[in-house]
Amino acid sequence: MTLPQTPFYLIDKAALRANMEKVAWLREASGAKALLALKCFATWSVFDFMREFMDGTTSSSLYELRLGHEEFGKETHAYSVAWADHEIDEAVGYADKIIFNSLGQLDRFAGKASGIAAGLRLNPRFSTSGFDLADPARPFSRLGEWDVARLEQALDRISGVMIHYNCENGDFALFDRQLTRIETEFGDILKRLDWVSLGGGIHFTGEGYPLQKLADRLKQFQDRFGVQAFLEPGEASITKTTTLEVSVLDIIDNGKQVAIVDSSTEAHMLDLLIYRESAKLPRRGEHEYQIAGKTCLAGDIFGEARFEQPLQIGDRVSIDDAAGYTMVKKNWFNGVAMPSIAIREEDGSIRTVRSFPYEEYKGSLS
Ligand SMILES: *Cc1c(COP(=O)(O)O)cnc(C)c1O
């Protein structure tokens, strides 16, 4: 078996199956449907595999919508913060449901979407995000309608709402309390709908999450309001399935042992910089190194790692959790070689599904 040249993202299908089996169990036990959120993960070469466990996809743009329609199939939800006039007919052609972000967009486009189900984004004005940048309930948020009078104006034209307010929420008690708040504040509206999407951000594939409680709570919610619930797991679908594999190019001692690798935070794991996090690196052994990228950015640092043996030039380092919001954000900053994409099959064999030669770099601009 020939491994690709580093850097490459490595998707582990056995780990993906473990997540997918939880998703499938939850659908079965709760009656809720599960759609993959493509803004988190759009590596379509594993869609054939994921399709058996999920109901379809949801999107945040015309291109994500088209990809979901073409490569995943099944049920396809179309959402966008704002559709353009030139996009709407094509979007309606791919979608089973279209979800508008504002009453203004619904007014503008509901006529064009009359052949498919329409919905509106409801913003409950609270969320579980502790990070302002990613908080849909931040002050003056543009994400969805919250005013009950405005929501009521939409009711003759929509059959459902989408409420996305969780963010990596692994706390079932918090989910339960917040859903109760939604039931209390918006119950009169929910009763008049056919479907409610509760969005993504519920970390139900995590270790020890009380899946049975979540299933029961979702069932109760659906029974109470007579709606079909949808979940839109992004991160939960692919968490802990993928690594970024890199090689050590140089080791510098500046009072600290710094290992420079053939990758970059900004180009290949951008969220580390945005959310000021450290990469998940090996941390066993006595030998400490700062793992740093090869771009000119002074702060291109993955984080601190420890190894059993001293690192040598050419050693491979494996960086965890490289699927969600990572592969979708890779870019050509500094012209650093773009990681190939490889899949570890369940029999252990590794298959390279995509590599990005110089022509791809050149072709990304003109
Ligand atoms: C980002 C997003 C998701 C996926 O969120 P995760 O935290 O990755 O599960 C789902 N629905 C909507 C509307 C989103 O914006």
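The first residue of the sequence shown is numbered 1, and numbering continues consecutively from there.
Within the 3.5 Å criterion, the main-chain N or O of L174 finds a donor-acceptor partner in the side chain of D171. Formation of a donor-acceptor pair under 3.5 Å by the E232 side chain with backbone atoms of A34 is not found in this model. At distances below 3.5 Å, not a single donor-acceptor pair connects side-chain atoms of N101 with backbone N or O atoms of A82. Side chain of Q222 to main chain of A229: a donor-acceptor pair is present (N/O by atom type, distance under 3.5 Å, no hydrogens or angles). A side-chain donor-acceptor contact under 3.5 Å links R138 to the backbone of D132. Side-chain N or O atoms of N19 include one that pairs as donor or acceptor with a backbone N or O of T239 at under 3.5 Å.
Salt bridge K13/E346: absent, no basic N to carboxylate O contact under 4.0 Å. Using a cut-off of 4.0 Å between Lys/Arg side-chain N and Asp/Glu carboxylate O, D262 and K294 are scored as not salt-bridged. Salt-bridge formation is detected for the pair R316/E245: a Lys NZ or Arg NE/NH1/NH2 atom is positioned less than 4.0 Å from an Asp or Glu carboxylate oxygen. A salt bridge does not link E145 with R121: every distance from a Lys NZ or Arg NE/NH1/NH2 to an Asp or Glu carboxylate oxygen is 4.0 Å or more. Under the 4.0 Å criterion applied to side-chain N and carboxylate O atoms, K74 and D55 are not assigned as salt-bridge partners. The existence of a salt bridge linking E75 and R27 is excluded, since no basic side-chain nitrogen approaches an acidic carboxylate oxygen closer than 4.0 Å. For K39 and E64, the salt-bridge test fails: no basic side-chain N is under 4.0 Å from an acidic carboxylate O. Here K329 pairs with D271 in a salt bridge; the nearest charged N to carboxylate O distance falls below 4.0 Å. Note on D85 versus R108: salt bridge recorded, some NZ/NE/NH1/NH2 to OD/OE distance being below 4.0 Å.
Considering only heavy atoms from C-beta on, T76 stays 4.5 Å or farther from K97 through its side chain. The shortest side-chain heavy-atom distance between Q178 and T180 does not fall under the 4.5 Å cut-off. Within the 4.5 Å cutoff, the side chain of L179 has heavy atoms near those of the Y165 side chain. I202 places a side-chain heavy atom less than 4.5 Å from the side chain of Y209.
Under a hydrophobic-cluster definition in which Ile, Leu, Val, Met, Phe, Trp and Tyr are linked whenever side-chain heavy atoms come within less than 4.5 Å, directly or via other members, I116 and Y94 are assigned to the same cluster. Taking hydrophobic clusters as Ile, Leu, Val, Met, Phe, Trp and Tyr residues chained together by side-chain heavy-atom distances below 4.5 Å, Y9 shares a cluster with L16. The cluster map of Ile, Leu, Val, Met, Phe, Trp and Tyr, joined by side-chain heavy atoms under 4.5 Å apart, puts V161 and L231 in the same cluster. Hydrophobic cluster membership is shared by V246 and I313, with clusters built from Ile, Leu, Val, Met, Phe, Trp and Tyr side chains linked at under 4.5 angstrom. Taking hydrophobic clusters as Ile, Leu, Val, Met, Phe, Trp and Tyr residues chained together by side-chain heavy-atom distances below 4.5 Å, L143 does not share a cluster with F126.
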Verdict with reasoning, I238 to C40, per side chain to side chain contact (heavy atoms under 4.5 Å, CB included): CA-CA 9 Å; I238 44 69; C40 172; 4.0 Å; yes
Full working for side-chain hydrogen bond (donor to acceptor under 3.5 Å, both in side chains) between D216 and Q220: CA-CA 6 Å; D216 294 344; Q220 181 197 38; over 6 Å; no
Stepwise side-chain hydrogen bond (donor to acceptor under 3.5 Å, both in side chains) check, H268 with S263: CA-CA 7 Å; H268 306 158; S263 179; 2.7 Å; yes
side-chain hydrogen bond (donor to acceptor under 3.5 Å, both in side chains) between D300 and S264, worked out: CA-CA 6 Å; D300 188 356; S264 151; 3.2 Å; yes
Full working for salt bridge (Lys or Arg N to Asp or Glu O under 4.0 Å) between R224 and E183: CA-CA 9 Å; R224 177 165 174 199; E183 292 174 324; 3.4 Å; yes
Residue pair E168, E235: steps toward the side chain to side chain contact (heavy atoms under 4.5 Å, CB included) verdict: CA-CA 8 Å; E168 294 196 37; E235 186 64 42; 4.2 Å; yes
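The environment of Y361 atom OH is sparse: at most 12 non-hydrogen atoms of other residues, nucleotides or ligands sit within 6.0 angstrom. Within 6.0 Å of atom NZ in K240, 12 or fewer heavy atoms from other residues, nucleotides or ligands are found, so the atom counts as exposed in its surroundings. By the neighbour-count criterion of 12 heavy atoms within 6.0 Å, atom CZ of R157 is densely surrounded, having more than that number from other residues, nucleotides or ligands. Shown here is K219, whose NZ atom has no more than 12 heavy atoms of other residues, nucleotides or ligands within 6.0 Å. No more than 12 heavy atoms of other residues, nucleotides or ligands shown are found within 6.0 angstrom of OH on Y63.
For the atom pair S340 OG and L3 CG, the distance stands at 11.0 Å (nearest 0.5 Å). Here the CG atom belonging to L272 is positioned 9.0 Å from the NZ atom belonging to K280, to the nearest 0.5 angstrom. If you take CE on M54 and OG on S237, they are separated by 3.5 Å, rounding to the nearest 0.5 Å. Between the CD1 atom of I182 and the CD1 atom of I189 there is a distance of 12.0 Å, given to the nearest 0.5 Å. The OG1 atom of T128 sits 4.5 Å away from the CG atom of N166 when rounded to the nearest 0.5 Å. The distance from the CZ atom of F53 to the CD atom of E21 is 5.5 Å, given to the nearest 0.5 Å.
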Listed pairs under 3.5 Å, donor-acceptor, residues 250-257 side chains, sequence neighbours left out:
from: D253; atom 1: OD1; to: G255; atom 2: N; distance (Å): 3.0
from: K256; atom 1: NZ; to: E304; atom 2: OE2; distance (Å): 3.4

For a quick test of your reading: what N or O donor-acceptor pairs under 3.5 Å do the side chains of residues 41-51 make, sequence neighbours left out?
from: D48; atom 1: OD1; to: R51; atom 2: NH1; distance (Å): 3.1
from: D48; atom 1: OD1; to: R51; atom 2: NH2; distance (Å): 3.0
from: R51; atom 1: NE; to: F72; atom 2: O; distance (Å): 2.6
from: R51; atom 1: NH2; to: E71; atom 2: O; distance (Å): 2.9

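Qualifying side chain to side chain contact (heavy atoms under 4.5 Å, CB included) partners for A149, counting only residues two or more places apart in sequence or in other chains: D147. Not counting sequence neighbours, Q153 has no partner by the side chain to side chain donor-acceptor pair (under 3.5 Å) test. The salt bridge (Lys or Arg N to Asp or Glu O under 4.0 Å) check on R125 picks up nothing, with sequence neighbours excluded. Partners of R344 according to the salt bridge (Lys or Arg N to Asp or Glu O under 4.0 Å) rule, which considers only residues two or more places apart in sequence or in another chain, are D12.
In terms of heavy-atom proximity, T326 sits nearest to D321 at OG1-O, 4.2 Å. For the residue pair V227 and L190, the shortest heavy atom distance occurs at CG1-O, 3.6 Å. Residue P136 comes nearest to S141 through the heavy atom pair O-OG, 2.6 Å, listed as atom of the first residue, atom of the second, then distance. Considering all non-hydrogen atoms of both residues, S247 and T6 come closest at OG-OG1, 2.7 Å. For the pair A337 and P7, the tightest heavy-atom approach, listed with the atom from each and the gap, is O-CG, 3.6 Å. Considering every non-hydrogen atom in both S59 and L65, the closest pair reads CB-N, 3.5 Å.
A cation-pi arrangement is present between K330 and F356 under the rule of less than 6.0 angstrom and at most 45 degrees off the ring axis.
Between Y79 and H164, the distance from one ring center to the other does not fall under 6.0 angstrom.
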